[in-house]
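Here is the structure we will look at, set down as structure tokens.
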Amino acid sequence: MDLLDTLTAKGLRGEVPTREEALAVLATTDDELLDVVAAAGKVRRRWFGRRVKLNYLVNLKSGLCPEDCSYCSQRLGSKAEILKYTWLKPDQAADAARAGVAGGAKRVCLVASGRGPTDRDIDRVTDTMAAIKDADPEVEICVCLGLLSDNQAERLKAAGADAYNHNLNTSESTYGTITKTHTYADRVDTVQKAHGAGLSACSGLIAGMGESDEDLVDVVFALRELGSDSVPVNFLIPFEGTPLAKEWNLTPQRCLRILAMVRFVNPDTEVRIAGGREVHLRSMQPLGLHIANSIFLGDYLTSEGQAGQTDLDMIKDAGFEVEGAGEATLPRHRADVAEAAQAGHASGGCGSAASACGSGGGCGPCGGHAHAPSAPAGEASEASDDELRGDLVKVRRRGAGTELAPNA
């Protein structure tokens with residue numbers, strides 16, 4: 001297939017496809033799916049071998065968010081019956097993080113609901129990071145607290161944060177259809193603040209809100225231009241009690257095509273299968289490992305994932321291996337760029353929009369909007385009512401904020 005040969009050749013050289021080629025990946029048929037996965041797999045192995053990086057989420061503050069993001073179970077007005085609690089104490093968060101690290105997680109992602117942190121919140125997170133680093137100095141810490149104010153990213157960096165997550169979520173042209181309380185530009189601003197402070201970028205998207213192929217390609221190219229080191233690909237978890245509870249637009253095949261498109265556009269970047277992996281990929285999760293080189297271990301912010309041991313067994317059975325703490329995730333040339341950016345910060349340099357790092361809006365599912373998707377010719381555009389799998393959406397009742405052991 002000429003398209004896949006071209007994309008593979010470009011990916012092996014670290015080159016970016018055209019927008020038209022990226023759209024063509026999303027338009028491939030189910031008959032071509034394994035060819036698409038195989039082509040993306042060659043690119044993945046070129047830059048990341050058979051390593052899988054494990055990340056572990058700790059929800060520091062759950063629910064009661066003043067923002068109105070349509071996709072979020074923690075949003076203003078959400079009737080989803082999720083856990084709601086205020087800030088965990090540092091030792092509580094460190095205990096939760098320790099479980100993930102014991103399960104093989106290399107990075108701990110500290111997330112808190114809300115529009116953005118106060119200076120007191122930064123102090124709380126600083127104390128939490130210290131408690132985690134005391135137990136394991138080598139663990140990577142990614143922080144996700146929403147929109148940042150001036151100097152907050154610098155404080156997080158000085159306190160030991162390695163990365164900041166703030167997802168763009170969806171395309172700029174449609175962002176206003178999912179959120180009214182902040183803008184796409186606000187998210188880009190936080191990405192730039194994180195980059196300017198020398199923090200690594202963790203910025204991604206969410207699929208499954210009814211977005212068009214064009215929207216997906218727009219946001220993925222925007223992430224590429226912002227210089228994201230890690231691109232989490234979330235698949236909407238349609239929580240009852242949220243505006244998008246009935247949005248079941250994804251099939252496992254569609255999810256794999258989206259992951260492949262993200263890989264081709266970001267050949268040498270960490271691509272992570274994030275929230276919604278178990279809900280939408282289901283039994284085809286192992287195929288996703290041939291495209292992405294990173295996943296979350298265990299549970300998510302407000303929903304339960306499959307058992308942590310099941311994740312580890314899946315990685316092993318699929319012929320992959322867990323990335324060790326001493327191994328560099330990014331290829332050497334990408335790591336050099338990240339180190340140069342940090343050195344530039346240390347000497348007074350400042351990041352530009354063209355090379356900004358960061359992310360937007362939480363490590364968990366985020367992004368999307370509610371207009372009908374454009375489907376490839378001859379393929380259903382969304383799941384029919386009798387295919388809705390609400391039984392797959394399980395609210396988290398264990399781990400951080402509870403008396404029950406975490407899933408790791």
Side-chain angles (χ1 to χ4, degrees), residues 55 57-61 65-69 71-72 74-75 107-118 121-122 125 129 140-157 159 161-172 175 178-179 181-206 218-220 222-234 262 266 269-272 274-275 294 296 300-301 338 341 345 351-368:
N55 310 267
L57 280 167
V58 178
N59 196 357
L60 298 178
K61 182 168 74 77
C65 183
E67 301 298 286
D68 68 352
C69 307
Y71 48 80
C72 186
Q74 304 184 80
R75 73 187 297 272
R107 172 174 287 191
V108 172
C109 304
L110 301 177
V111 188
S113 63
R115 178 179 177 84
T118 64
D121 294 336
I122 298 292
V125 176
M129 288 193 292
E140 295 178 8
I141 295 182
C142 180
V143 181
C144 179
L145 308 174
L147 302 173
L148 293 175
S149 300
D150 290 344
N151 300 317
Q152 290 184 328
E154 285 80 3
R155 291 182 60 193
L156 291 170
K157 174 67 176 176
D162 299 285
Y164 195 82
N165 170 260
H166 202 64
N167 297 319
L168 295 187
N169 294 335
T170 192
S171 66
E172 180 177 10
Y175 191 84
I178 62 167
T179 303
T181 49
H182 62 267
T183 67
Y184 182 92
D186 291 331
R187 288 187 173 270
V188 171
D189 178 66
T190 286
V191 170
Q192 294 174 347
K193 283 186 170 69
H195 174 69
L199 291 166
S200 177
C202 175
S203 188
L205 65 142
I206 187 167
D218 281 350
V219 70
V220 173
L223 291 166
R224 172 81 188 189
E225 291 169 4
L226 284 173
S228 182
D229 297 321
S230 175
V231 179
V233 181
N234 296 285
V262 175
N266 298 275
T269 297
E270 177 187 345
V271 174
R272 183 185 312 160
S294 179
F296 281 109
Y300 302 94
L301 295 177
H345 165 70
S352 67
S355 59
C357 298
S359 64
C363 291
C366 37

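As the structure is a prediction and not an experimental result, all values here were calculated from the model.
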Open item on the list: Testing V233, L205, V231 one by one against V220 for a side chain to side chain contact (heavy atoms under 4.5 Å, CB included), which residue passes?
Closed with: L205
Open item on the list: Name the residue from L57, V58, N55 that meets the side chain to side chain contact (heavy atoms under 4.5 Å, CB included) definition with V108.
Closed with: V58
Which atom of [X] lies closest to which atom of [Y], heavy atoms considered:
X    : Y    : value
L60  : A112 : CB-CB, 4.3 Å
Y184 : T170 : CE1-O, 3.4 Å
Y300 : A274 : OH-O, 3.6 Å
P117 : Q152 : O-NE2, 2.9 Å
A153 : A194 : CB-CA, 4.0 Å
G114 : C65  : N-SG, 3.5 Å

Using distance only, find each side-chain donor-acceptor pair of residues 141-148 under 3.5 Å and give its atom names and separation, not counting sequence neighbours.
none

For a 4.5 angstrom cut-off between non-hydrogen side-chain atoms, does [X] reach [Y]?
X    : Y    : result
I122 : L156 : yes
D218 : E172 : no
T190 : Y164 : yes

For [X], enumerate each residue passing the side chain to side chain donor-acceptor pair (under 3.5 Å) test, keeping only those at least two apart in sequence or located in another chain.
X    : result
N266 : none
D68  : T181
T179 : none

In Å and rounded to the nearest 0.5 Å, what is the [atom1] to [atom2] distance from [X] to [Y]?
X    : Y    : atom1 : atom2 : value
C69  : N169 : SG    : CG    : 7.0 Å
L301 : K61  : CG    : NZ    : 12.0 Å
K157 : S200 : NZ    : OG    : 8.5 Å
S203 : R224 : OG    : CZ    : 14.0 Å
D150 : K193 : CG    : NZ    : 5.0 Å

Task: Test item: side-chain donor near acceptor, H182 and R187, under 3.5 Å - done: yes
Task: Those residues that, when tested against D186, pass salt bridge (charged side-chain N to carboxylate O under 4.0 Å, His left out) (two or more places apart) - done: none
Task: Non-neighbouring partners of E140 that pass salt bridge (charged side-chain N to carboxylate O under 4.0 Å, His left out), sequence neighbours left out - done: K53, R107
